[in-house]
Number of protein chains: 2
Amino acid sequence: MSTETPPSKRERTLAALVEHGLDMFERQGYEQTTVAQIARAAGVTEMTFFRYFPAKEHLVLDDPYDPILTAAIAAEPRESPPFLRAARGIRSAWRALPEPETPIIRRKVRIAAGTPSLRGAVWRSTGNTEQAVVEQLVADGATPEVARVAAASVLAALVAGLFSWAESERGTLADAIERALDVIEVAS
Amino acid sequence: MSTETPPSKRERTLAALVEHGLDMFERQGYEQTTVAQIARAAGVTEMTFFRYFPAKEHLVLDDPYDPILTAAIAAEPRESPPFLRAARGIRSAWRALPEPETPIIRRKVRIAAGTPSLRGAVWRSTGNTEQAVVEQLVADGATPEVARVAAASVLAALVAGLFSWAESERGTLADAIERALDVIEVAS
DNA sequence: TGCCTGAATGTTAGTCGCTCACATTATTCG
DNA sequence: CGAATAATGTGAGCGACTAACATTCAGGCA
């Protein structure tokens, strides 16, 4: 029926690790869950876990959105100040995006939002995106200092919106992000 | 001559730990420096290090500014939107503050800015300040969601300004922060 | 001055995240 | 089927951090 090929062994153990990992994080907390426990629950060795994820936190953190964001920022008119260009670019990027498979994303974000050490990790992992945004703004004429502040501030708003969305049971991701950007774009 | 009492033993080992720690971080990098190495250089045991700092990163991260910030935000007129209230509050708070003993602060911020894992730690450690700002904004009538976004975004700008300041050899801390807030307050 | 109490430090052992070198078992495809 | 390659296991070890317990040191009081 479905056109999907049967999952390879690699895909199956990956899915098992994610499934058991998120499950145990939700039940007993991130810090209280050991990598060895997750591996054991997935029928695999601790070593194997680290072959799939470079660190424990990566079971919760992806981040595939860099190219879309930077492209959208590049499309903004250069007359606006960098801060507004970044905010509006992100806004229009998300508007154009299909709503992603939210169930698992919501679980991950909720775990991250509720775990102090992961909140830090989220910020660090946003570093790549931030760097991309900075480069785009600089390419469009902003100074590096200004670009760094603009990028950091806008992305912080985005992350805060993400966290709020995950904690509230309802609403779409796109709406939450729009509302977050509304808070910041007080100039029109 | 000086009115200072002679440093106690505790003060002396604390100073030794900070001094050798920062020194080694600058010379060989944060990740490449071991807590045991710092302790040894300070003539003390690894265990003693952790009696002074709850974690390695705390040798670099303080954060004594919460009360001043929240007070200044409370003083802002409530007609403005929360985002601007937070930004302007922080601005006026720093304007009123005496320029702190910058040499050691600059060293710490520079180390933090140049170490990915510490950038994340800074963000996590800002959580307290963020929470305080959120509470102040909510007390002044903002919704929690709006307050969280505003606080996160403004503090991110502040941190970005801090990092820029530390990396550039000259300029005062207050000026750097003002410039960072200028980027964000595009509405007037 | 000498003791005495509490602060400061040391010791040992252990957990957890994470890495490396090397051996072993599965998969898949010619 | 057999060989190449992918996936996993083993064991040893490092570094951050914690806890229980023992020890030494500092400074005030008789």
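Throughout, a chain's letter reflects where its sequence line sits, starting with A, and its residues are numbered from 1.
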Output the single nucleotide from D/dC25, D/dG15, C/dT19 whose closest atom is nearest the side chain of A/M47.
C/dT19
5'-most contact on DNA chain D: B/E57 or B/R12, nearest heavy atom basis?
B/E57
Look at the side-chain N and O atoms of B/S8 and state whether any lies under 4.0 Å from the OP1 or OP2 oxygen of D/dA26.
no
Face-on cation placement of A/R10 at A/Y52 ring, 6.0 Å and 45° thresholds
yes
Nucleotide nearest A/A55 when distance is taken to its side chain, options D/dT8, C/dT9, C/dC18
C/dC18
Under 4.0 angstrom, heavy atoms only, what part of the nucleic acid is A/T33 near: base, sugar-phosphate, or nothing?
sugar-phosphate
Nucleotide nearest A/K56 (side chain, heavy atoms from C-beta), chosen from D/dC17, D/dT8, C/dG17:
C/dG17
Take atom CD of B/Q32 and atom C1' of D/dG15, then tell me their distance rounded to the nearest Å.
13 Å
Grab the CZ-P distance between B/F50 and D/dG15 for me, whole Å please.
12 Å
Of the listed nucleotides C/dT9, D/dG9, C/dG17, the one nearest the side chain of A/T48
D/dG9
Pairing of B/E167 and B/R106 as salt bridge, 4.0 angstrom limit
no
Nearest-nucleotide 5' precedence on DNA chain D, B/R51 against B/K9
B/R51
Indicate whether OP1 or OP2 belonging to C/dA8 is found under 4.0 Å from a side-chain N or O atom of B/Y52.
no
Reckon B/T13 has a side-chain N or O less than 4.0 Å from the OP1 or OP2 of C/dT9?
yes
Strictly below 4.0 Å: does A/T34 bring a side-chain N or O up to OP1 or OP2 of C/dT15?
no
Does B/G161 offer a backbone N or O that forms a donor-acceptor pair with the side chain of B/S164 under 3.5 Å?
no
Identify the residue among B/E178, B/E76, B/E185 that makes a salt bridge (charged side-chain N to carboxylate O under 4.0 Å, His left out) with B/R88.
B/E185
Atom CG of A/L118 to atom P of C/dG17: distance rounded to whole Å?
12 Å
